[in-house]
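Contents: one structure, followed by commentary.
Quick caveat, the model's predicted, so the values are computed rather than measured. Chain A is the first sequence line, chain B the second, and so forth, proteins listed ahead of strands; every chain is numbered from 1.
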Protein chains: 2
Amino acid sequence: MKQRLAAIGTVETLPHRVAAFLSREIESGELNPGARLPTEQELSEKFGVSRNVVREAIAQLRADGMIEARQGIGAFVLAPEQRAAIRIDREALKDTHNMERLFELRCILEAESAALAAARRGQEHLDSIKAALDRMGGEERWEEGSIDADLLFHREIARATGNSYIHTFISFVCEQIRQSIHYARMTNPLHDLVEINVGEHVRIYEALVAGDPAAAEAAMRTHIIGAANRVGVKLPLSKTGGTK
Amino acid sequence: MKQRLAAIGTVETLPHRVAAFLSREIESGELNPGARLPTEQELSEKFGVSRNVVREAIAQLRADGMIEARQGIGAFVLAPEQRAAIRIDREALKDTHNMERLFELRCILEAESAALAAARRGQEHLDSIKAALDRMGGEERWEEGSIDADLLFHREIARATGNSYIHTFISFVCEQIRQSIHYARMTNPLHDLVEINVGEHVRIYEALVAGDPAAAEAAMRTHIIGAANRVGVKLPLSKTGGTK
DNA sequence: TCAATCCAAGTTGTAGGATGATATACATCA
DNA sequence: TGATGTATATCATCCTACAACTTGGATTGA
């Protein structure tokens, strides 16, 4: 419900559309780093909007460190490594290959974080993780609420590391994945898969309770690879086979 | 040189300052999720700026998914998990404890990525990594150029994973760290430390050449812990002691 | 009294113009 | 030649006005 409202609020506003257009042009390489953007006036004429709209669009891109505006000269495209923010293009995630990469990143982040969490978790963390687990396996299965609980489970583990940056990054990546597979989840509501999913979570939780970092890491790795498979993403072995 | 200009270009513009202020208020919890922001007019009066400036500031926050504006009603604070972008507060990194957390995150990301890179790198990757290594140990030591080369070395390894998201995330984290310790590097230009730093990079490179994921991961982990120490950050054991 | 309708005020979205600050290129002059 | 000033282009900021939208209360009618 709330989600619905948020979605409606995200209607394309003019500055957003202009920013998206410029952003695409930069990402696609039509505007290389160092290149100068058209002047605000030219852009406002080109898009048929007021200069204020163009300025708001540029303000967004500038905040991300995508472009740099210099008074009296113009606005220039910056190199990707100078970005001040990370933003993931939702469109690009429709490509399975990109989704695969994102899952790989998630696996790296969450596996080691699970190990950290196992070593550092307090009782309160275990409680909130358990609460999420119960909600996930509760009456609501594979519904909106269940997915929320799934995400919350992972976020709470990230929180148990005591590292706010880890929490932020994991929350972000998970949310990107969740919203991108939003459409696909109704197609495979197979109960077998749900059972498997819950079971994997239980094993992670047990490792955390035991305070066993290696077990937590392994369980998390197994789970994420499995989760990727369940949404149709074949994850390449993110770890070199546990040969260590 | 270019870096210098970029730094000057980042002078605090009015919208940026307003956005930073509001962002602080949200992060600190003074404005809870769901709360309504003051109207644009009130904000413009409060900060003594025009409404346009306020609007540009809000445009930034909205692009990040921090707030949601609804015509005719007002602007509201969104929950952290709905954020569309990751941004790290440079001010917060002045606190050593936060810097420590960021290094920990970096260690997680880079260690496993080094293992991936060792398994997937092609000859072209090895070449560009070697080029960065040479520049680092070249005539320019611990100068601007040397630090650039250091960063490039890490970015090229991230690129060798073949995963663009990993590359993006690692580049981002490294850049945040680099800019935050910008002032500190002149204070410890001890040549011993430089030698150690280069030596650690060489060992990583050798593991990549050998195609040995485990060795690459271990070398990278050692290096990042060492790098943290060299800028005065004592990293807690990010891995549970290699007891696996 | 109660309900439906309409209207007015408040808020964000967009437009357009005016002025100040800054950088570049060119002309001017010693 | 070299320094200086001027013209111009561009972004930064401000201002006013109106459109679109939401809310709540006033009005109206039964």
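- The two atoms that bring Gly162(B) and Arg101(A) nearest to each other are O-NE, 3.5 Å, heavy atoms only.
- When the side-chain nitrogen and oxygen atoms of Thr13(A) are compared with OP1 and OP2 of dT14(C), one or more of them lie within a distance under 4.0 Å.
- What separates CD of Glu40(A) from C1' of dA15(C) is a distance of 15 Å, to the nearest Å.
- For Arg70(B), no side-chain nitrogen or oxygen approaches OP1 or OP2 of dT11(C) to under 4.0 Å.
- The interatomic distance linking Asn52(B) (CG) with dA17(D) (P) rounds to 15 Å, in whole Å.
- Here the CD1-OH distance, from Ile108(B) to Tyr165(A), works out to 14.0 Å after rounding to the nearest 0.5 Å.
- Atom pair Gln71(B):CD and dA9(C):C1' shows a separation of 15 Å (rounding to whole Å applied).
- As rounded to whole Å, 9 Å separates atom C1' of dT14(C) from atom CD of Glu56(A).
- Here Ser50(A) does not reach the OP1 or OP2 of dT14(C): none of its side-chain N or O atoms lies under 4.0 Å away.
- In this structure, CZ of Arg62(B) is placed 9 Å from C1' of dT12(C), rounded to the nearest angstrom.
- dA12(D) atom P lies 12 Å from atom CD of Gln60(B), rounded to whole Å.
- When each of Gly48(A) and Ile73(A) is assigned the nucleotide of DNA chain C bearing its nearest heavy atom, the one mapping closer to the 5' terminus is Gly48(A).
- Following rounding to the nearest Å, Arg55(B) (CZ) and dA12(D) (C1') show an atom-to-atom distance of 17 Å.
- With hydrogens and angles ignored, a donor-acceptor pair closer than 3.5 Å exists between the side chain of Arg51(A) and the base of dT13(D).
- The aromatic rings of Phe172(B) and Phe169(A) lie tilted to each other, with the angle between the two planes from 30° to 60°.
- With rounding to whole Å, Ile58(B) atom CD1 is found 13 Å from dT11(C) atom P.
- Around the CD atom of Glu25(B), the shell of radius 6.0 Å holds more than 12 heavy atoms that belong to other residues, nucleotides or ligands.
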